[in-house]
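In what follows, a single structure is set out as structure tokens and then discussed.
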Protein chains: 4
Amino acid sequence: MIDYPGILAEIYDAVQPLLAQGKVADYIPELAHISPDKFGMAVQTVGGELYCIGDAAEKFSVQSVSKAFTLTMAMRLEGDAIWRRVGREPSGTAFNSLVQLEYENGIPRNPFINAGALVVMDMILSHYPDAKQAVLDFVRLLSGSEGIGFDTAVAQSEKSTGYRNAALAYFLKSFGNLQNHPEEVLDAYFHHCSLAMSCVEVAQAGMFLANDGRLPWDGQVILSRSQAKYVKALMQTCGTYDAVGDFAYRVGLPGKSGVGGGILAIMPDVFSVCVWSPGLNAQGNSLAGTKALELLTTLTAISIF
Amino acid sequence: MIDYPGILAEIYDAVQPLLAQGKVADYIPELAHISPDKFGMAVQTVGGELYCIGDAAEKFSVQSVSKAFTLTMAMRLEGDAIWRRVGREPSGTAFNSLVQLEYENGIPRNPFINAGALVVMDMILSHYPDAKQAVLDFVRLLSGSEGIGFDTAVAQSEKSTGYRNAALAYFLKSFGNLQNHPEEVLDAYFHHCSLAMSCVEVAQAGMFLANDGRLPWDGQVILSRSQAKYVKALMQTCGTYDAVGDFAYRVGLPGKSGVGGGILAIMPDVFSVCVWSPGLNAQGNSLAGTKALELLTTLTAISIF
Amino acid sequence: MIDYPGILAEIYDAVQPLLAQGKVADYIPELAHISPDKFGMAVQTVGGELYCIGDAAEKFSVQSVSKAFTLTMAMRLEGDAIWRRVGREPSGTAFNSLVQLEYENGIPRNPFINAGALVVMDMILSHYPDAKQAVLDFVRLLSGSEGIGFDTAVAQSEKSTGYRNAALAYFLKSFGNLQNHPEEVLDAYFHHCSLAMSCVEVAQAGMFLANDGRLPWDGQVILSRSQAKYVKALMQTCGTYDAVGDFAYRVGLPGKSGVGGGILAIMPDVFSVCVWSPGLNAQGNSLAGTKALELLTTLTAISIF
Amino acid sequence: MIDYPGILAEIYDAVQPLLAQGKVADYIPELAHISPDKFGMAVQTVGGELYCIGDAAEKFSVQSVSKAFTLTMAMRLEGDAIWRRVGREPSGTAFNSLVQLEYENGIPRNPFINAGALVVMDMILSHYPDAKQAVLDFVRLLSGSEGIGFDTAVAQSEKSTGYRNAALAYFLKSFGNLQNHPEEVLDAYFHHCSLAMSCVEVAQAGMFLANDGRLPWDGQVILSRSQAKYVKALMQTCGTYDAVGDFAYRVGLPGKSGVGGGILAIMPDVFSVCVWSPGLNAQGNSLAGTKALELLTTLTAISIF
């Protein structure tokens, strides 16, 4: 029997000195205001228990964590056809690099770098003219929480400063790898990055990955067992920017991080966990959050390795 | 005494079999309609003679040839300050590459690749809110021809398909190397590419370069002697896309080419020449036009080397 | 209870049609002679059972599979200090690329690309003047098999044609990231690639990774539990060339492949498996071997995800 | 009439404060000992006058200046066939970069970057088993000076530290673009870099380029008029490392520089000039030497532009 409450308390104490060491993302003006003191963590087990600590119920900007959910949508809509337009290998370059795209003719390396997520959003747009609402509906379904919405101030903030993402979108379009207009894709993209969710909601939304593709509360199939495995494999190899090796090395769980400071990680058949702390390390992942997950796998002696 | 009429006639005959070998640019839909049979050439000497052959009086889309003129404008407006925002070295990569820009933090390698020309246009925009009119006025001044205008159908055609240039503009903006909005810069950029000029007009517009910076007909100083030398040096090392070595090797004159099939070349203190033939070689320079210039320097035994 | 014998038999039948589809590595002349019909597989469980099928007892050239063992040696010798000279991130480029090395000043991306393995071998050389014997002793210890040796014809064959690896070694030396002479490092490197082992021996040698760092038969500690996790994390993110995403996606086990057609894969706390089939897929991993492992995780319903 | 003695005297005074600003190359240990105070300049006119100042008669290590002479040898031996194995475009990258070579499959961008010069030396080796003697004979012929030799201490010094060049040679070999063994090519390469010549000798050796391919003293044809033009065009576009644009901009003559601090420049039909000053600028060209040439073209009002 694992003493989750005790372990969470121990983690909470251990990370306090680290909170000041991370750097809050400031390239999105609205995110720069967040207090670096925040720390929340929620563990949802497949057995049905929920363990929380700190600011686990506070909404934060999930940013790229949402890419795990939009990838899932695209897999449901297009199946294996998505791999004709996006790869599934680590990029070995920065998450917003255009270099690889030029050398590889507009096919992004994987769905979790920005270029790949723009292609994924383009796929969703081709199925749903109101892609933003479709994303919202889907994340509400995954998490079982109707209270999830976009933070439009953040979306607007990203849009007005997101020249690099605009460059990526126009570059993809120049290779013919966007079907919709770049401005439409960017609008939907910036919105899905601005999803405001709590650690509890993110951990819930990840439960289908811990549960072989099914929502645990009603058995609804989100993805096949095999597809769910695929999403976890991609999180493992491509989910934490240019630090997947380091994350695998230290944490040993498939995870997806965002510059808002959130990280979703999955222990298959055991739990889904979300941690949030806004201060980032040099690779753009939550500094205290990564440490918290490292402690979780060490203290529980549970990891995929 | 050089027999220019005889030499032009010999060149005209020699290039006829080559006209069908080039490939008319088709990525700009409006340009794809041009007949590959066209060939014109105009030599304007500093002594005041003008020699023409073929379609030398017919307007064509000058495209990147205009970059020599906008660089000149920027040098007049900002002097050596322009080199803080754009380099003056050959790029070693394609004219529309984003790779170098990423590795070198948004400073284009030179003013003649697309990224560099966008920065130059941004400089002009910061001085002239109506940059398009300013460019038009300046080219009319250089050529002494009031009949020069934009081909708005071409400008519109480029704008609606120019995703790669849009990617470059947004990428530059993300590095802080555009002061104006990317869409404004792109609009002015696509217009200056669409300038419709004849070989005679282009050759005239290049005369200040052959004449140490001054308009030969009234002595007006466009650039200082030293600045004019700089523009020619840049044409020599960066003016013909990723074929400057080959162009120097075969032609031996500083030149600036465009995908419309025009090439402006300068023999300092002797002549300014413009050749036009729409079929391009693999490097994007006019195939018959490059051959014509090679023959010109061979038959006249005049080159800078 | 898993029916390993039945599953192996099913796999054996399923891969027969695939054997002819792979391409035997021919850039090492000695390897080009191997028959593509070979297929062997050995599963060693932590419970002590060994299950084999096909050519599981036949020696083959392990090539890069040995990188998992030399990395382990270096971790024992130098601990975390090794990460000052080699990274632990996927490279996103070919296993023998020099590009990344130039951009990142001679620090290879990870220990499993050739450049990284050369640095690892240099570390071993600095501790053991007779590095080749030291590697041999260590692999014999890991596998419990005294019958393991080098195939010197293969080593010689690689040495006389291995210009690309020589380029990598001299390049590393130019950055100061080799302490020993490049020729010495290359000699040791080519020898460790030429280790001749059977599927059974490789599976045995991987047992300490399945068993939290200890040899299961006598409890000897090879690596700490945490270090063993690190090696598995690196295999997961960097172990199968530029196909780690695809391998994770399809197989879902940490693995290390070699161009000899062998793959070692680990299911923590359950088994170590080695498969061998010389025909390679486009990414350089055994074609039938990858399929066999995919079937193994599907039919046993065991994977890390 | 140009007052060369007066102009050289003016240049000599003007560059004195600059001598201390350059940085003597220290990556070749033997070169690090040279005093930065040295400055010599020799102008040899096609009319037969020789004008010298400073240390113009002192031997220095010509290093890459010799690449102009070995290229000439290769053009005599193989004609246009050399362009199948080496390009003639600026590289846009550092003179010793391996990146371009990897992307362009082992074809160096031009004969003046190290990779290209290694291929040129390989061509010479294929014709002359004693390539070193052949190079020596040829440079003695060009300069009319029997007193030219190798500085074997410099050659040895380069060989024992030239790991980067060794990496280039093995990399070229791996692409099949060397016919001889890399060690042989490197030995000949390091020797030709170590040629010890005075400014007077280098300026003499460049006279055939100023004189349309012929030795002025006896009319011997070294290259055809057209081939001589080609060499000058390559010097113009590729001769001064990653600073050809800047050199063209400031000096306006085709030139070839070396890290020993020498620069050979040619004014076609007028003069050949060599300047030497060991302190280098950030691009690896002689700092005072570049300034001296800039002053020469300014004060004489002679340049190719």
Side-chain angles (χ1 to χ4, degrees), chain A residues 75 80 83 86-94 97 99-100 103-104 109-113 116 209-210 212-213 225-254 266-269 283 294 297-298 301-305, chain C residues 75 80 83 86-94 97 99-100 103-104 109-113 116 209-210 212-213 225-254 266-269 283 294 297-298 301-305:
Chain A
M75 289 177 82
D80 278 351
W83 308 121
V86 62
R88 49 200 194 208
E89 294 303 322
S91 69
T93 49
S97 173
V99 168
Q100 173 267 329
Y103 287 134
E104 300 183 11
R109 273 258 150 172
N110 66 64
F112 291 154
I113 52 174
L209 291 171
D212 289 334
R225 179 192 178 85
S226 155
Q227 285 180 312
K229 180 177 142 182
Y230 291 172
V231 175
K232 285 175 277 187
L234 278 162
M235 291 167 71
Q236 183 67 31
T237 50
C238 316
T240 45
Y241 305 116
D242 201 17
V244 294
D246 191 63
F247 191 85
Y249 190 101
R250 290 173 54 196
V251 174
L253 294 179
I266 305 295
M267 181 62 210
D269 302 324
Q283 286 81 37
E294 183 181 355
T297 55
T298 303
I302 290 179
S303 91
I304 62 169
F305 296 121
Chain C
M75 289 177 82
D80 278 351
W83 308 121
V86 62
R88 49 199 194 209
E89 294 302 324
S91 69
T93 49
S97 173
V99 168
Q100 174 267 331
Y103 286 133
E104 299 183 11
R109 273 258 150 172
N110 66 65
F112 292 153
I113 52 175
L209 291 171
D212 289 334
R225 178 192 179 85
S226 155
Q227 284 179 312
K229 180 176 142 183
Y230 291 172
V231 176
K232 286 175 277 187
L234 278 162
M235 291 167 72
Q236 183 67 31
T237 50
C238 316
T240 42
Y241 305 115
D242 201 17
V244 294
D246 191 62
F247 191 85
Y249 190 100
R250 290 174 53 196
V251 175
L253 295 178
I266 305 296
M267 180 62 210
D269 303 324
Q283 287 80 38
E294 184 180 355
T297 55
T298 303
I302 290 179
S303 91
I304 62 169
F305 296 120

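Per chain, numbering begins at 1; letters A, B, ... match sequence-line order. Computed from a prediction, not measured in an experiment: that's the story for all the values here.
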Segment of C:Ser226 engaging chain A (4.5 angstrom heavy-atom cut-off): neither

field: Toward chain C, the part of A:Ala210 with a non-hydrogen atom under 4.5 Å
entry: neither

field: C:Gly245 to A:Pro90 - nearest heavy-atom pair and separation
entry: N-CD, 4.2 Å

query: Taking only heavy atoms into account, what residues of residues 235-242 of chain A are found under 4.5 Å from chain C?
result: A:Gln236, A:Thr237, A:Asp242

- prompt: When only pairs under 4.5 Å are counted, which of A:Arg109, A:Arg250, A:Met267 shares the most heavy-atom pairs with chain C?
  reply: A:Arg109

statement: Here the gap from C:Phe305 atom CZ to A:Asp212 atom CG, rounded to the nearest 0.5 Å, amounts to 13.0 Å

query: Can you say whether C:Arg88 sits under 4.5 Å from chain A via the side chain, the backbone, both, or neither, judging by heavy atoms?
result: both

field: Most chain C-contacting option - heavy-atom pairs closer than 4.5 Å, from A:Gly252, A:Ala301, A:Ala243
entry: A:Ala243

Chain A contact via C:Val251 - side chain, backbone, both or neither, heavy atoms under 4.5 Å: backbone

- request: Quick one: list whatever passes salt bridge (charged side-chain N to carboxylate O under 4.0 Å, His left out) with C:Glu89, sequence neighbours left out.
  value: none

- request: For the residue pair A:Tyr249 and C:Tyr230, categorise the inter-ring angle as parallel (less than 30°), tilted (30 to 60°) or perpendicular (more than 60°).
  value: parallel

